[in-house]
Asks: 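Structure below; questions to follow.
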Amino acid sequence: MIEERVKPNEITLVSLVVECGFVGALQLGKQLHIYIVRSEICMSLALATALVDMYGKCEEIKNAKEVFDSVKNKDVMIWSAMNAAYARTRCTDQAFDLFVKMRDNGVTPNQVTMTTLISLCAEVGAHDMGKWVHTVIDRQVIEMDTILKTALLEMYAKCGDIDGASKLFREAKDRDIGMWNTMMAGLGMHGCGKEALELLSEIERVGVRPNDITFIGLLHACSHAGLVEEGKLMFEKMVHKFALVPKIEHYGCMVDLLGRAGHLDEAYEIIKNMPIRANAIIWSVLLAACKLHQNAVLGEIAAKQLVYLEPQNCGYNVSMSNIYVMANRWTDVARVRKAMKNKGMKKEPGLSCIEVNGYVHEFIMGDRTHPEIKKVNDMVSDMRNKLKEAGYRADTSAVLKNIDEEEKETALNYHSEKLAMAYGLISTAPGTPIRIVKNLRVCNGCHTATKLLSKIYQRGIIVRDRKRFHHFRNGTCSCGDYW
DNA sequence: CCCGGCACAC
């Protein structure tokens with residue numbers, strides 16, 4: 001089109017730019033941008049917004065900001081698009097700064113702006129900020145549409161406030177299937193499987209039709225609550241009562257449900273008998289179950305599939321090596337680790353966030369860059385000593401076994417959530433619950449330690465890991481050690 | 001006929 005003599009009009013260009021953003025075609029998007037500038041087509045607000053959106057979706061923040069800054073009379077849409085760009089890249093501070101600037105410039109935020117911000121709070125687990133955004137919505141009398149309400153509901157659920165989420169859900173009069181699904185998934189995430197199942201009965205009564213996402217949420221909820229029979233029944237219901245064709249995600253949930261509960265052979269049967277070819281996700285779910293239940297035979301099958309399907313993914317090689325460790329096959333351990341070293345692979349670093357006084361602080365395992373790192377490390381020492389007094393012995397099995405014992409214990413002491421927890425303990429008032437969001441799953445050692453720490457420091461500690469919530473209180477965890 | 005925001009899984 002660009003090469004042709006006929007000049008594309010603005011509408012055409014907007015659509016093309018939008019499409020680039022949608023499929024993540026950054027190079028093509030950049031070419032369009034250059035073409036627009038060169039051909040002296042008037043850069044309308046619509047076109048500028050489309051470009052900001054495109055760059056945002058491609059996570060090219062610098063370019064997004066350049067276009068954004070070049071626009072004189074910004075409307076609410078372009079502000080929101082820029083905000084969404086920051087939100088996508090999890091630039092929480094920038095997103096909120098921009099929001100403040102937007103209001104300083106006399107532009108009133110609308111539902112879309114607020115949805116973006118709320119979703120960002122949900123993503124990073126910023127409960128206080130999320131609540132603040134909620135009050136802004138109320139104060140500004142921004143009309144809550146279903147999407148915004150759903151985003152709010154999700155924020156409360158993902159920030160560990162399941163009661164707040166339930167309250168919003170109960171008060172909503174315009175529940176669509178998306179909102180039901182959000183509520184069910186939220187309950188599942190908190191280990192409230194029974195409550196999630198009850199919602200299915202309710203949805204049937206009110207006559208809303210569940211969809212495939214509903215069942216992913218429900219199966220997931222069953223899985224986390226150990227409701228094996230109920231999960232199987234759900235799968236049956238989905239197929240026979242609601243005539244939905246199971247997708248690979250549903251089979252994945254079933255493998256997870258069975259595997260997690262220790263029915264590994266049954267889980268493997270599902271994989272062998274399902275009409276879809278297993279992907280990496282399916283095998284990694286099985287692998288996780290094998291690790292949990294110490295089944296090296298099936299674990300090796302799964303790990304081999306993963307290394308074959310995604311050779312570039314170091315996590316699977318790590319798992320493979322751990323499987324061999326479990327089976328005491330040290331030559332194989334050495335082989336896998338050597339192969340990884342040759343390919344220059346590294347484990348994805350653990351990362352934990354904690355929100356304190358409206359700021360989200362990030363900690364990476366072994367991190368020394370936080371401005372208050374010295375105080376944090378002192379606190380970690382204090383935690384370690386108190387744990388020892390309480391009779392805690394570091395479980396070092398989560399760390400690869402070729403480092404010596406002392407080093408392993410140190411690595412665990414500096415797992416990112418311990419740093420975030422230490423920061424939370426020193427920077428919030430006694431008794432305040434500590435909320436942490438981390439990118440990986442909680443390891444066994446940290447789980448045990450956190451239970452004890454909640455008792456030692458008399459704090460509720462709420463940890464959201466890659467998959468679910470753990471509410472630690474007075475020496476116990478809401479997951480009942482089943483996760 | 002087109003500039004922006006929600007729900008699932010990894």
Side-chain angles (χ1 to χ4, degrees), chain A residues 9-19 21-22 43-54 56-57 64 67-68 71 74-85 87-88 109-120 122-123 142 144-155 157-158 165 169 172 174-186 188-189 196 210-221 223-224 246-257 279-288 306 310 313 315-316 439-441 466-468:
Chain A
N9 64 10
E10 191 221 330
I11 293 171
T12 316
L13 286 167
V14 167
S15 316
L16 284 172
V17 172
V18 167
E19 189 61 25
F22 196 68
M43 178 77 86
S44 66
L45 250 177
L47 201 43
T49 308
L51 282 167
V52 170
D53 179 56
M54 183 272 294
K57 286 200 167 76
V67 177
F68 176 78
V71 172
K74 301 183 185 68
D75 65 355
V76 64
M77 281 197 194
I78 198 163
W79 281 99
S80 301
M82 193 58 225
N83 222 318
R88 171 177 287 266
N110 63 13
Q111 292 108 321
V112 180
T113 328
M114 302 323 270
T115 307
T116 308
L117 278 178
I118 277 290
S119 294
L120 175 58
E123 168 79 22
I142 293 170
M144 284 245 222
D145 60 16
T146 313
I147 294 176
L148 180 51
K149 228 179 277 176
T150 306
L152 260 177
L153 172 60
E154 193 193 9
M155 182 277 292
K158 287 207 170 154
F169 182 71
D174 54 344
R175 296 176 207 160
D176 63 0
I177 186 61
M179 203 187 290
W180 283 91
N181 288 348
T182 306
M183 191 65 229
M184 287 186 199
M189 205 180 206
N211 60 15
D212 56 334
I213 295 172
T214 315
F215 286 95
I216 293 172
L218 283 173
L219 292 173
H220 189 227
S223 183
H224 279 299
K247 294 182 178 171
I248 194 148
E249 290 90 337
H250 300 100
Y251 288 108
C253 289
M254 288 309 285
V255 172
D256 187 43
L257 171 74
N279 59 11
I281 295 171
I282 298 275
W283 290 115
S284 65
V285 168
L286 183 69
L287 177 62
L306 286 166
E310 288 185 12
N313 189 322
Y316 301 142
N439 65 336
L440 304 175
R441 307 233 53 197
R466 177 166 261 182
K467 273 195 152 173
R468 63 165 294 155

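All chains are named by letter (A, B, ...) in the order of the sequence lines, taking the proteins before the strands, and each is independently numbered beginning at 1. Any value given below was found using the heavy atoms of this structure, including those in side chains, with hydrogens, waters and symmetry copies removed. Small disclaimer: the values here were computed from a predicted structure and weren't measured.
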Asks: Looking across every strand, which nucleic acid part, if any, lies under 4.0 Å from A:Lys57 by heavy atom: base, sugar-phosphate, or nothing?
Replies: sugar-phosphate

Asks: Is there side-chain contact between A:His250 and A:Leu219, with heavy atoms separated by less than 4.5 Å?
Replies: yes

Asks: Just how far is it from atom CD1 of A:Ile213 to atom NZ of A:Lys247, taken to the nearest 0.5 Å?
Replies: 7.0 Å

Asks: Side-chain N or O of A:Lys247 versus OP1/OP2 of B:dA9: is the shortest distance under 4.0 Å?
Replies: no

Asks: Ignoring hydrogens and angles, tell me if any N or O in the side chain of A:Asp212 forms a donor-acceptor pair with the backbone of A:Phe215 under 3.5 Å.
Replies: no

Asks: In terms of side-chain heavy atoms of A:Ala50, which of B:dC10, B:dA7, B:dC3 is nearest?
Replies: B:dC3

Asks: Kindly indicate whether the side chain of A:His224, heavy atoms from C-beta on, has any atom under 4.5 Å from the side chain of A:Met189.
Replies: no

Asks: Please pick, from B:dA9, B:dG4, B:dG5, the nucleotide with the shortest atom-to-atom distance to any side-chain atom of A:Asn110.
Replies: B:dG4

Asks: Checking contacts here: which listed nucleotide (B:dC2, B:dG4, B:dA9) is nearest the side-chain heavy atoms of A:Val18?
Replies: B:dG4

Asks: A:Glu249 side chain: which of B:dC6, B:dG4, B:dA9 is closest?
Replies: B:dA9

Asks: Report the C-alpha distance between A:Ser223 and A:Asp256 in whole Å, list the side-chain angles of each, state the deciding distance to 0.1 Å, and finish with yes or no for side chain to side chain donor-acceptor pair (under 3.5 Å).
Replies: CA-CA 7 Å; A:Ser223 183; A:Asp256 187 43; 2.8 Å; yes

Asks: Send over the distance from A:Leu148 CG to B:dG4 C1', rounded to a whole Å.
Replies: 14 Å

Asks: Using whole Å, report how far CE of A:Met189 lies from P of B:dA9.
Replies: 7 Å

Asks: Strictly below 4.0 Å: does A:His220 bring a side-chain N or O up to OP1 or OP2 of B:dA9?
Replies: yes

Asks: Choose from B:dC3, B:dC6, B:dC10 the nucleotide whose nearest atom is closest to any side-chain atom of A:Ser119.
Replies: B:dC6

Asks: Need one value for A:Ile11: base, sugar-phosphate or nothing, where a base atom within 4.0 Å counts as base even if backbone is also close, heavy atoms only.
Replies: sugar-phosphate

Asks: Could you state the atom-to-atom distance from CZ of A:Arg88 to P of B:dG4 in whole Å?
Replies: 12 Å

Asks: Looking only at N and O atoms, is any donor in the side chain of A:Asn83 or the base of B:dG4 less than 3.5 Å from an acceptor on the other one?
Replies: no

Asks: Is there a donor and acceptor pair, one atom on the side chain of A:Ser80 and one on the base of B:dG4, closer than 3.5 Å?
Replies: yes

Asks: Which nucleotide in the set B:dC8, B:dG5, B:dC2 lies at the smallest distance from any side-chain heavy atom of A:Ile213?
Replies: B:dC8

Asks: What is the distance, rounded to the nearest whole Å, between atom CD1 of A:Ile282 and atom P of B:dA9?
Replies: 14 Å

